[in-house]
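First the structure, in the form of structure tokens, and then the observations on it.
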Amino acid sequence: KLDVLYSNIKDVTKYLFKKEMGNTSGICLTADGWKSRSGDKYIGMTLHYISEDFKLRRVTLQTTAVSWESHNWERIVEHMDNAIAKIAELPKDALIHMVTDSGGNYVKACEHSKKLASHHRCLDHRLNNAVKHSMSEKKNKQMFDLIAKCSGLVKKSHQGEAQTKL
């Protein structure tokens with residue numbers, strides 16, 4: 001029964017996707033690679049587009065186990081370009097944009113892709129890295145410690161005021 005259910009869901013999703021994708025002029029893909037706790041390696045790609053009724057749509061294109069020793073850019077670009085080529089519903093003249101983290105392997109893969117119009121580094125990853133970097137510097141750590149102490153003093157003073165008013 002699960003096979004039939006899965007097949008039906010897949011068919012309906014494909015139909016809706018094909019119907020909406022026929023009129024799109026561009027898409028955005030996101031991609032990332034990771035290693036599981038057990039050491040298995042994966043690469044995933046998600047397709048994002050705006051429908052005719054201006055709703056953001058997301059479709060997971062693939063989550064694939066890979067046997068590569070490392071996620072080097074040559075393997076990534078080959079994998080990405082092959083995945084893009086398999087999107088039959090995509091109009092031939094559609095612009096394809098990619099968003100990834102700032103990892104050198106993904107940046108270089110996107111630079112060498114024959115399928116992408118542009119590549120953008122994920123702002124969320126960049127902000128996260130900036131905060132991590134600033135927290136690791138000794139001077140900044142001292143500043144954050146001082147802010148935490150000040151915040152604690154303010155909190156205590158507010159608690160004192162509340163007790164005084166009662």
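When reading the values below, keep in mind they use all heavy atoms of this one structure, side chains included, and skip hydrogens, waters and symmetry mates. Nothing fancy with the numbering, it's 1 onward along the sequence.
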inquiry  = Tell me whether Thr60 contacts the main-chain N or O of Gln62 through its side chain, where contact means a donor paired with an acceptor under 3.5 Å.
reply    =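 Side chain of Thr60 to backbone of Gln62, a donor-acceptor pair under 3.5 Å: no, none is there.
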ask   = Do the side chain of His112 and the main chain of Lys108 share a donor and acceptor less than 3.5 angstrom apart?
value =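 Yes.
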task = Would you kindly confirm whether Leu116 and Ile43 end up in one hydrophobic cluster when ILVMFWY residues are joined by side chain heavy atoms under 4.5 Å apart?
result =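 They do share one cluster, since a chain of ILVMFWY contacts under 4.5 Å joins Leu116 to Ile43.
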ask   = Can Val77 be reached from Val99 by stepping across I, L, V, M, F, W or Y side chains whose heavy atoms are under 4.5 Å apart?
value =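 No, Val99 and Val77 fall in different hydrophobic clusters.
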request  = Could you list the residues that satisfy side-chain contact (heavy atoms from CB on, under 4.5 Å) with Asp40, not counting sequence neighbours?
outcome  =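 Expected list: Ser36, Ser38, Tyr42.
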message = Once side-chain contact (heavy atoms from CB on, under 4.5 Å) is applied, do any residues pair with Ser67, and if so which ones, sequence neighbours excluded?
response =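 So Ser67 forms no side-chain contact (heavy atoms from CB on, under 4.5 Å) with any residue.
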inquiry  = Would you say that Val59 contacts Tyr49 through its side chain, given a criterion of any heavy-atom pair below 4.5 Å between the two side chains?
reply    =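 Heavy-atom side-chain distance check passes, below 4.5 Å.
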inquiry  = Could you check whether any side-chain heavy atom of Ser113 comes within less than 4.5 Å of a side-chain heavy atom of Glu111, counting everything from C-beta outward?
reply    =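 Of all side-chain heavy-atom pairs linking Glu111 with Ser113, none is under 4.5 Å.
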inquiry  = Per the ring-ring contact (aromatic ring centres under 6.0 Å, His included) rule, what does the pair list look like for residues 86-110, sequence neighbours excluded?
reply    =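 Matches after skipping sequence neighbours: none remain.
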task = Decide side-chain contact (heavy atoms from CB on, under 4.5 Å) for Ile27 and Leu29; before the verdict, give the C-alpha distance in whole Å, the side-chain angles of both, and the deciding distance to 0.1 Å.
result = CA-CA 7 Å; Ile27 63 166; Leu29 298 169; 4.1 Å; yes
message = Looking only at the side chains, is there a donor atom on one of Thr46 and His48 sitting less than 3.5 Å from an acceptor on the other?
response =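 There is no such pair (donor and acceptor under 3.5 Å, judged by atom type) between the side chains of Thr46 and His48.
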inquiry  = The test is side-chain contact (heavy atoms from CB on, under 4.5 Å); show your working for Asp101 and Asp32 and say whether it passes.
reply    = CA-CA 7 Å; Asp101 61 18; Asp32 200 8; 3.6 Å; yes
query = In terms of heavy-atom contacts, does CG of Leu61 have more than 12 from other residues, nucleotides or ligands at under 6.0 Å?
reply =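 Yes, enclosed.
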